[in-house]
Amino acid sequence: MSNLNIKPKVLVSHQWPPEILLRLKEHCQVKVLGSDSFTTQEEFLKALPGADAVIIIPSITIDNKVLDIAGPQLKVIATASAGLGHIDLNECRRRGIKVGYVADTVTKAVAEMTISLMLAMARRLDEAMQSVKTGAWGTEWGSALWMCGKQVSGSVIGIVGLGRIGLATAKRLSAFEPSRILYCGNSVKPEAAKVKADFVSFNELLETSDFVIATCSVHARNQKLFNAEAFARMKKDSVFINVTRGALVDQDALYDALSTHKIGAAGLDVTTPEPLPADHKLLTLKNCLITPHLASGTIETRMAMCSLAVDNILAGLTDKPLPCPC
Ligand SMILES: O=C(O)C(=O)CO
C-alpha cells in the first residue's frame with residue numbers, strides 16, 4: 001500500500017482478532033474499542049472524530065448525525081455484517097463515503113444457528129437440561145410423553161424471506177424430510193425450486209407452518225411484522241425462530257403469545273435492544289431461548305468476516321474497488 005504516505009486513522013468499534021489487526025496496523029493508525037466491555041454508541045461517538053475509516057458491527061448506528069460527528073475526512077465504513085439496517089446508505093452515498101459489508105461470509109454459520117435454535121426449541125433442550133439439574137428427571141418422569149417435543153420430519157417449515165440465508169437453511173432442512181417447505185417475500189424466487197419450496201402469502205405461511213423462521217432483511221416497512229395479529233394466526237404449538245433483527249418483532253406481543261400459549265416456543269438470536277437486559281421478561285419464559293446475536297459466531301466465519309472487513313477498509317483507503325461493496 002505504497003500510496004499511503006501518512007498512515008490513515010482507523011477506528012475499530014470492537015475487539016478484533018490480533019492477527020487480522022496486524023495487517024491493518026501495517027498501513028494504518030488503529031484505535032480499537034471494547035477492551036473493557038461491549039462498546040456503546042456513546043463510546044464509539046467519543047472516539048470517532050477525525051477517523052478516516054471505521055470498522056463496525058450492527059450495534060453501532062451510522063446516520064447523518066454520526067457522520068457529522070466523524071467529520072468530512074471519513075472515507076470508508078466497513079461493517080462486519082451481512083445486514084445493513086444500521087447504516088444510512090443513502091446518506092453515505094450522498095457524502096461520497098464508501099461502505100463495505102461481508103455479504104456471503106455469514107450464510108453457512110447463520111443457517112447452522114437457525115437450525116440449532118429450531119431443534120433446541122423443538123426438543124426443549126434447555127428445559128430438559130434444567131430437569132436434570134433440578135432432579136425433576138427423577139421425580140417427574142412418569143409418563144411416556146414427559147418433556148416431549150415436536151418432530152421436524154413430516155412438519156411444515158415456513159421461511160420468511162428466501163434470500164441467501166433462507167435458502168441455505170432450507171437446503172439443510174430438506175435433509176430432515178419435512179412434508180413441505182413454504183416461503184414468502186416480495187416475489188417468487190426461481191432458486192426455490194432447488195429446495196422444492198412453495199411461494200405463499202405471509203398469512204398462509206403463518207397459518208400453515210409448524211416452524212416459522214424469519215431470515216428476511218429488516219427495513220422501515222417490515223418493523224414489527226411479527227405482532228399480535230401475526231402470532232394469533234400461528235398454530236398453537238408452532239415454533240418461531242428469528243435470526244435476522246430484533247426490530248422485526250413486537251416483543252410485548254411475543255411475550256404475550258408465549259406466556260399464554262398462543263404459540264409453542266420461540267428461539268431468538270436477535271432482540272431489541274442488544275444486549276438484552278438480564279431482567280427482561282422474555283428471559284423468564286421456559287418456552288423462549290435467547291442467544292446473544294451469535295448466529296455468525298463460529299471461529300471460521302468470524303475470521304472470514306473480520307478479514308473481509310479489513311480488505312474493504314484497505315481497498316477503500318487506497319481508492320481501489322471494495323472487494324465487497326454495498
Ligand atoms: O451478518 C449479520 O448481519 C448478522 O447479524 C449475523 O448474525
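In each ligand, atom 1 is the first atom listed, and ligand 1 is the first ligand listed. Small disclaimer: the values here were computed from a predicted structure and weren't measured.
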Enquirer: Taking non-hydrogen atoms within less than 4.0 Å of ligand 1, which protein residues qualify?
Expert: Ser81, Ala82, Gly83, Val106, Arg245, His293, Ala295, Ser296
Enquirer: Using the side chain to side chain contact (heavy atoms under 4.5 Å, CB included) definition, which of the options Ile77, Asp319, Leu74 pairs with Lys98?
Expert: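 The passing option is Asp319.
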Enquirer: Quick one: sort the Phe231 and Phe240 rings into parallel, tilted or perpendicular, breaks at 30° and 60°.
Expert: perpendicular
Enquirer: May I ask you to say whether Lys46 pairs ionically with Glu42, meaning some side-chain N is under 4.0 Å from a carboxylate O?
Expert: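 Salt bridge flag = no for Glu42 with Lys46.
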Enquirer: Does Glu112 pair with Lys108 as a salt bridge, N-O distance under 4.0 Å?
Expert: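 Not counted as a salt bridge, because no side-chain N and carboxylate O are separated by less than 4.0 Å.
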Enquirer: Find the distance between SG (Cys306) and CZ (Arg302) and round it off to the nearest 0.5 Å.
Expert: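 Spacing of SG (Cys306) from CZ (Arg302) equals 7.5 Å.
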Enquirer: By the definition side chain to side chain contact (heavy atoms under 4.5 Å, CB included), identify the one residue from Asn242, Asp269, Thr271 that meets it with Ile290.
Expert: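 Output: one option passes, namely Thr271.
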